[in-house]
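Okay, structure first, notes after.
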Amino acid sequence: MSAVPVNEPLLDGNERRYLLECIDSGWISSEGSFVNRLEAGMAQRCGRRHAVAVCNGSAALEAAVAALQLGPNDEVILPTFTIISCAAAVVRSGAVPVLVDCEPATWNMDVAQVAAAITPRTRAILAVHVYGLPVDMDPLLGLAREHGIKIIEDAAEMHGQTYRGRPCGSMGDISVFSFYPNKLVTTGEGGMLLTDDDALAERCRGLRNLCFLPQRRFVHEELGWNFRMSNLQAAVGVAQLERLDGSIDRKRRMGHRYTERLQGTTGIELPLARTEAAENIYWVYGVVLDESVPFDAAEAMKRLAARGIGTRPFFWPMHEQPVFRRMGLFENLSFPVAERLARRGFYLPSGLALTDAQIDQAAGALREAVQG
Ligand SMILES: Cc1ncc(COP(=O)(O)O)c(C=O)c1O
């Protein structure tokens with residue numbers, strides 16, 4: 001392990017106590033009360049009527065696409081700069097993924113390109129908030145209303161973030177979260193779907209649980225998945241959610257410290273501290289090497305690893321994924337902003353357990369790596 005790991009979660013609240021409650025009571029499956037508590041807590045936090053816990057964020061995206069009944073001939077607009085889970089859910093459904101580039105300053109999907117990509121076949125927009133700042137949602141919500149398009153909001157990285165005062169996770173017809181250990185709320189592995197629509201919530205609950213017919217178990221009119229979350233996972237999540245405000249403060253302080261230490265370093269573009277719509281929560285602290293640096297992110301990450309600093313590369317764009325190119329998707333497409341971010345961007349240690357001294361060490365190592 002690196003001397004400064006790229007991510008280390010904080011698990012020193014009620015996590016242990018709640019896990020012991022599960023073990024002592026014997027409630028370890030998805031039927032325990034912590035699952036309901038985590039669902040209620042997330043619904044309340046995001047101001048939503050329904051929350052449906054699932055086994056990870058990728059599963060939440062699959063279920064969201066299925067719940068909205070997207071399929072062949074339907075076009076879904078999404079950013080090329082995202083995790084493969086987004087495009088995979090669309091492609092597996094048989095729907096057509098339509099990609100857009102991202103904005104150079106926020107790294108989020110370019111909403112002007114979304115407007116230009118709408119056709120009579122567009123059925124949904126998958127809006128993905130990336131790395132700490134929210135997508136500019138109001139124009140997307142306007143387009144959705146105007147054209148009768150659904151919004152799936154991927155807030156996987158955005159627990160506790162807001163957009164013009166509204167919680168991320170409150171704005172999609174269906175919104176999804178991930179609870180992977182690098183997230184601001186973790187359950188080890190886990191995810192959540194949120195919606196205000198009773199029928200959609202019912203569909204999500206069915207899809208998560210193999211679409212058992214309520215009136216006759218083991219009879220199925222549709223194919224679902226076993227995407228259930230266990231009570232053990234939810235127990236950790238309830239403890240994590242209790243401390244979300246503190247975790248956001250901590251991430252912001254970490255982000256500001258990195259920026260203080262790195263500001264003015266030649267060759268490095270730092271994340272935006274804020275937009276008109278939000279203060280960055282620095283889910284991860286990403287940096288981009290500018291063109292004055294004679295090498296790319298892979299080389300910088302190697303130099304940092306040699307100094308004991310863990311890093312992760314930025315997303316690799318969907319239109320450059322070998323798996324999709326083999327399927328004949330995204331041929332001859334080019335999205336220069338995402339291509340540059342993928343080659344020149346990476347993130348520094350960003351876990352909630354990171355100390356100030358480790359931040360200083362990582363920032364110092366980055367300065368040396370880029371300048372040396
Ligand atoms: C934007 C985004 N969406 C979806 C996911 C998938 O979540 P999971 O890793 O829980 O499957 C991630 C994962 O980190 C993500 O960053």
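These numbers were taken from a predicted model, which means no experiment stands behind them. Order of listing sets the numbers, starting from 1, for every ligand and every atom in it. Nothing fancy with the numbering, it's 1 onward along the sequence.
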Check the pair R16, E21 against salt bridge (charged side-chain N to carboxylate O under 4.0 Å, His left out), reporting the backbone distance first and the verdict last. CA-CA 9 Å; R16 183 185 299 263; E21 271 182 45; over 6 Å; no
Check: H129 ring centroid to Y163 ring centroid under 6.0 Å: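 No, they do not, as the ring centres are separated by 6.0 Å or more.
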Taking the six-membered ring for Trp and the single ring otherwise, decide whether the centroids of F330 and F324 are under 6.0 Å apart.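 Judged by ring-centre distance (under 6.0 Å), F330 and F324 do meet the cut-off.
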Pick one of side chain, backbone, both or neither for how I83 approaches ligand 1, counting any non-hydrogen atom pair under 4.0 Å.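 Answer for I83: side chain.
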Side chain, backbone, both or neither: K183 near ligand 1, heavy atoms under 4.0 Å: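 The side chain, only.
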Would G191 count as a contact of ligand 1 if the rule is a heavy atom under 4.0 Å away?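 G191: no contact with ligand 1 (<4.0 Å).
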Does ligand 1 have an atom that lies less than 4.0 angstrom from a heavy atom of H129?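 H129: no contact with ligand 1 (<4.0 Å).
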Ligand-side contact atoms (ligand 1) for residue partner [X], heavy atom cut-off under 4.0 Å:
X    : result
N56  : 10 (O), 11 (O)
S178 : 7 (O), 8 (P), 9 (O), 10 (O)
V128 : 1 (C)
G57  : 6 (C), 7 (O), 8 (P), 10 (O), 11 (O)

Any link between V76 and L61 through a network of hydrophobic side chains (Ile, Leu, Val, Met, Phe, Trp, Tyr) touching at under 4.5 Å?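 Same cluster: V76 reaches L61 through Ile, Leu, Val, Met, Phe, Trp or Tyr contacts under 4.5 Å.
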Answer with yes or no whether the side chains of H319 and E331 bring together a donor and an acceptor at under 3.5 Å.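 No - no donor-acceptor pair under 3.5 Å links their side chains.
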Using only heavy-atom distances, determine whether the side chains of N280 and R274 contain a donor-acceptor pair under 3.5 Å.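 Side-chain D/A pair, N280 to R274: absent.
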Only heavy atoms count here, so choose which of T186, D154, T187 is nearest to atom 4 (C) of ligand 1.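 Shortest heavy-atom distance from atom 4 (C) of ligand 1: D154.
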Who gets closest to atom 11 (O) of ligand 1 by heavy atom: S85, C55, G190, S58?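 Going through S85, C55, G190, S58 one by one, S58 has the nearest heavy atom to atom 11 (O) of ligand 1.
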Between ligand 1 and [X], is the shortest N or O to N or O distance under 3.5 Å?
X    : value
F179 : no
W283 : no
E157 : yes

E221 atom CD, over 12 foreign heavy atoms within 6.0 Å: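 Result for CD/E221: open.
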Closest contact, heavy atoms only, A362 versus L304: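 So the two residues come closest at O-CD2, 4.3 Å.
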Could you walk me through whether Y285 and Y258 pass ring-ring contact (aromatic ring centres under 6.0 Å, His included), step by step? CA-CA 8 Å; Y285 194 89; Y258 265 128; 4.7 Å; yes
